[in-house]
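Everything numeric in this text was worked out from a predicted model, so none of it was measured. All chains are named by letter (A, B, ...) in the order of the sequence lines, taking the proteins before the strands, and each is independently numbered beginning at 1.
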There are 2 protein chains.
Amino acid sequence: MNEMRPIRAKSGTNQEGASAHNRRVMIDALRLNGQLSRADLARATALTKQAVSNIIEELEGDGLVASLAVVRKGRGQPSTPYRLVPEGAFAIGLQIDRHVTRTIAVDLVGTVLARGEVNLPAGGPERGTEIILSLIDRTRRELVRVAPQSRDRLVGLGVAMPGPFGIDTDPDDPWMMALWQRFPLSETLASGTGLDVRLQNDAAAAATAEKMVGAAHGFEQAICIYLGYGLGAGLILDGELYRGANGNAGEIGMILTRPRGGTEDQRAPLEHRASIASLCKILELDPADPDLYRHLDDMAAASDGRVADWIADAAYELRGAVQILETTFDPQTIVLCGGMPPGLARRLIDAIHPLLPSIAERRMRSAPRLQLGLTNPWAVAIGAAAEPISRTFDPRFSAILKTRTPGPS
Amino acid sequence: MNEMRPIRAKSGTNQEGASAHNRRVMIDALRLNGQLSRADLARATALTKQAVSNIIEELEGDGLVASLAVVRKGRGQPSTPYRLVPEGAFAIGLQIDRHVTRTIAVDLVGTVLARGEVNLPAGGPERGTEIILSLIDRTRRELVRVAPQSRDRLVGLGVAMPGPFGIDTDPDDPWMMALWQRFPLSETLASGTGLDVRLQNDAAAAATAEKMVGAAHGFEQAICIYLGYGLGAGLILDGELYRGANGNAGEIGMILTRPRGGTEDQRAPLEHRASIASLCKILELDPADPDLYRHLDDMAAASDGRVADWIADAAYELRGAVQILETTFDPQTIVLCGGMPPGLARRLIDAIHPLLPSIAERRMRSAPRLQLGLTNPWAVAIGAAAEPISRTFDPRFSAILKTRTPGPS
DNA sequence: CTTATTAAGTCAATTGTCTTGACTTATTTC
DNA sequence: GAAATAAGTCAAGACAATTGACTTAATAAG
């Protein structure tokens with residue numbers, strides 16, 4: 001009964017932790033390399049052929065991998081390559097945005113199989129969750145229709161919504177996201193769907209999407225700048241999404257800068273200059289307009305002067321943000337993504353160039369310092385759906401460790 | 001022979017990887033909690049009593065842990081607490097700075113047992129390494145004198161020097177650190193000492209020191225701002241030092257800001273305003289002066305107006321840097337450390353307050369947003385020495401994984 | 001065409017490490 | 001005293017990777 005001073009320690013592991021890791025490593029290797037033989041896997045993972053054989057056999061039995069046609073590639077017995085089976089696992093993603101809620105169903109390789117969208121009345125979470133649960137239900141039924149196997153292969157529900165979490169948010173926020181954040185959303189959705197639920201901010205979800213099916217695929221160190229209604233960054237560090245102490249890492253929209261033209265000592269959040277919200281304000285558009293995306297596309301194509309002004313201003317701020325991120329994280333690449341029309345995104349990324357000098361300027365670069373990612377209003381929802389897949393199948397330190405059983409008092 | 005497209009994968013693990021992890025977890029738990037019984041360790045690590053018993057017995061045999069007096073703490077058999085044995089392992093740290101080189105020897109718990117210092121003639125690495133090797137040799141002999149066990153318990157040599165690495169540095173750099181960076185330092189020192197050598201930048205070393213024996217001890221998420229001749233940050237993310245793609249993560253001194261008073265659009269590196277280099281410039285002091293530390297202390301105590309100006313200016317920039325770091329990393333705390341006199345550091349940290357609003361402003365904070373760390377010219381050398389200890393004994397993902405044997409071509 | 005070489009993959013036994021469940025020991029509480 | 005509680009050990013068992021020999025199937029060389 002010495003509960004007075006809690007003992008702090010990392011947890012240990014055992015053979016099952018090792019085995020779980022090795023399974024994940026196999027799946028990760030197949031995801032990254034497309035297809036590999038058992039011998040390839042043995043070499044790549046430093047395990048023995050025999051160990052790989054056992055694991056692959058087990059994964060095949062679980063319906064997660066399948067063999068392809070035998071290939072002859074020189075001397076020696078031909079090899080049998082294996083690939084991931086897309087229908088091996090499915091997950092649902094939910095994006096709760098300020099004015100719209102989207103659901104996505106994906107499979108093991110990130111293919112979108114079903115989607116749903118609904119405008120959420122600004123009535124707070126109690127009414128909202130009902131609508132959301134029915135939307136999820138509809139998406140699940142659609143998923144089961146196109147992929148009947150999914151019924152018993154759903155690994156979880158990923159939820160993405162604007163951050164930051166656990167902060168006393170701006171009381172003037174017309175979307176009352178603060179209300180949502182105080183609401184026990186995960187618990188409500190978990191009990192309402194029977195699925196394992198995990199919450200993350202929209203930028204993190206966007207980064208997860210970029211990692212699985214986008215521009216950050218295959219990078220161990222990548223930063224995804226997500227320019228949506230707000231501005232955030234998803235941090236992929238050592239191949240894993242970094243969350244910070246409170247799940248708020250990457251909230252770069254709240255970095256205080258001295259904006260161009262601002263007076264001495266006056267600092268304003270980055271996202272007041274570089275976000276869809278700021279663009280809407282300049283263009284006097286209603287961010288809740290369901291056709292916002294098309295309007296923005298039109299106005300960008302029409303070379304609206306106000307759009308050009310916004311681009312110049314946002315690009316100035318983002319140029320600084322890119323330099324800050326390069327300098328603090330030393331990533332392999334930075335990806336700009338977000339719910340903008342591709343044309344606008346392209347103009348924005350062009351306007352950000354030339355980039356400021358930073359430690360990222362090295363001769364032996366294999367990836368561009370800044371590249372365009374998924375510009376797709378569904379990207380965050382895809383990332384939300386990819387999160388349970390990643391959590392279930394990607395090799396992660398925490399997946400090796402034993403979980404502490406909540407011992408009897 | 002399909003070496004054309006290298007296969008990318010994380011490596012697998014086996015029972016020995018798990019076992020190595022569990023040993024590290026025990027050591028980590030003892031380091032964090034001071035002393036624990038086998039039953040405590042079993043609960044804390046989620047391993048069985050039996051597993052813990054075996055591991056502790058082995059660690060005791062290796063001379064890394066030792067038992068303390070039996071304690072009765074209620075009903076049941078009394079427990080036997082264990083603690084780390086400081087003499088269980090030793091490491092040497094080397095700090096190569098612009099004008100001075102220092103060596104430190106520490107034991108398993110970070111106690112300093114020997115130190116050495118020498119002014120390095122600005123003659124480049126060829127001459128320098130000879131001097132350094134003899135300094136290391138002197139420190140090793142001193143270490144063996146005070147702790148004879150160290151002779152066969154030296155786990156490595158940690159080297160800290162100013163970053164960034166792998167960049168075409170400023171050709172005007174009077175200290176020619178660029179020359180040092182092109183020099184195969186690790187290899188030379190490894191062959192010269194017979195020790196395992198690892199290189200890191202000075203801010204990372206400072207963070208390692210803060211983690212082991214300083215203000216960041218026990219934090220899983222902490223950022224250490226190191227204000228030395230330059231300015232950098234050591235990033236402790238999920239309990240591990242984050243290095244980035246090229247070992248340059250945290251080089252925040254190279255963040256380009258628009259300094260207070262600067263004209264429109266003009267950006268300058270942070271460390272031009274907030275570093276000992278900038279202070280020396282203002283005070284017209286020679287940074288190579290061996291008595292610099294004392295001079296700075298005197299001038300800070302004497303309320304020199306130029307010092308006050310520098311503090312105000314540096315504090316302005318650092319206030320912004322703290323806000324950027326809080327916003328991007330969401331750490332539990334930020335530690336300000338560096339080779340300044342404590343009085344100056346105290347004035348600087350006071351001047352940085354009040355901090356800017358950020359996501360770190362939450363009601364349930366357990367640690368201060370910004371705190372003072374080690375202000376000790378030897379901190380970086382201590383951190384350099386702590387690195388091999390950390391690498392050898394701390395639980396880390398990579399320590400679980402199998403190392404790929406460089407297979408025969 | 002035959003044989004050597006090379007590589008993929010399997011089989012069966014072994015090893016290392018944690019787990020399990022019963023047991024011993026030592027202390028406090030009733 | 002007797003019961004309860006907790007620390008720690010003992011011995012057997014389970015699990016997952018390793019080891020080394022073996023099988024299979026292809027190309028390369030003579």
| said: Does a side-chain N or O of Thr80(B) approach OP1 or OP2 of dA7(D) to a distance below 4.0 Å, or not? | reply: no
For this session: Salt-bridge test for Arg198(B) and Asp196(B): reply yes if a basic N is under 4.0 Å from a carboxylate O, no otherwise.
Result: yes
In numerical order, the residues of residues 13-23 of chain B whose heavy atoms come under 4.0 Å of DNA chain D are Thr13(B), Asn14(B), Gln15(B)
Ile56(B) atom CD1 is separated from dC18(C) atom C1', nearest whole Å, by 15 Å
Rounded to whole Å, CD1 of Ile55(B) lies from C1' of dT19(C) at a distance of 12 Å
Keeping Ser79(A) on the side-chain end and Pro81(A) on the backbone end, is there a donor-acceptor pair under 3.5 Å? no
From CD of Gln50(A) across to P of dA12(C) the rounded distance in Å is 11 Å
Atom CD of Glu58(A) and atom C1' of dA16(D) are separated, to the nearest Å, by 10 Å
For residues Phe397(A) and His21(A), establish whether the separation of their ring centroids is below 6.0 Å.
no
Side chain to side chain donor-acceptor pair (under 3.5 Å) test vs Gln221(B) passes for just one of Thr333(B), Asp238(B), Asp330(B), namely Asp238(B)
note: Lys49(A), atom NZ; dA7(C), atom C1'; distance rounded to Å ~ 8 Å
query: Any sub-3.5 Å donor-acceptor pair from Thr13(A)'s side-chain atoms to Ile400(A)'s backbone N or O?
result: yes
Open item on the list: Looking at Glu87(B) and Arg153(B), is any side-chain nitrogen of the basic one under 4.0 Å from a carboxylate oxygen of the acidic one?
Closed with: no
Whole-Å distance, Leu41(A) CG to dA7(C) P, equals 18 Å
Discussion item. Please confirm whether the shortest side-chain N or O distance from Lys402(A) to OP1 or OP2 of dT19(C) is below 4.0 Å.
Written reply: yes
Nearest-nucleotide check on DNA chain C, Arg38(A) vs Arg72(B); residue mapping nearer the 5' end is Arg38(A)
Reckon Ser79(A) has a side-chain N or O less than 4.0 Å from the OP1 or OP2 of dG9(C)? no
When Arg75(A) and Ser53(A) are each assigned the nearest nucleotide of DNA chain C, the 5'-most assignment goes to Arg75(A)
note: Asn54(A), atom CG; dC11(C), atom P; distance rounded to Å ~ 10 Å
Checking dA17(D), dA8(C), dA6(D) against the side chain of Gln77(B) (C-beta onward), the nearest is dA6(D)
Exercise for the section: Using a cut-off of 6.0 Å, state whether more than 12 heavy atoms not belonging to Arg151(B) lie near its atom CZ. Expected result: no
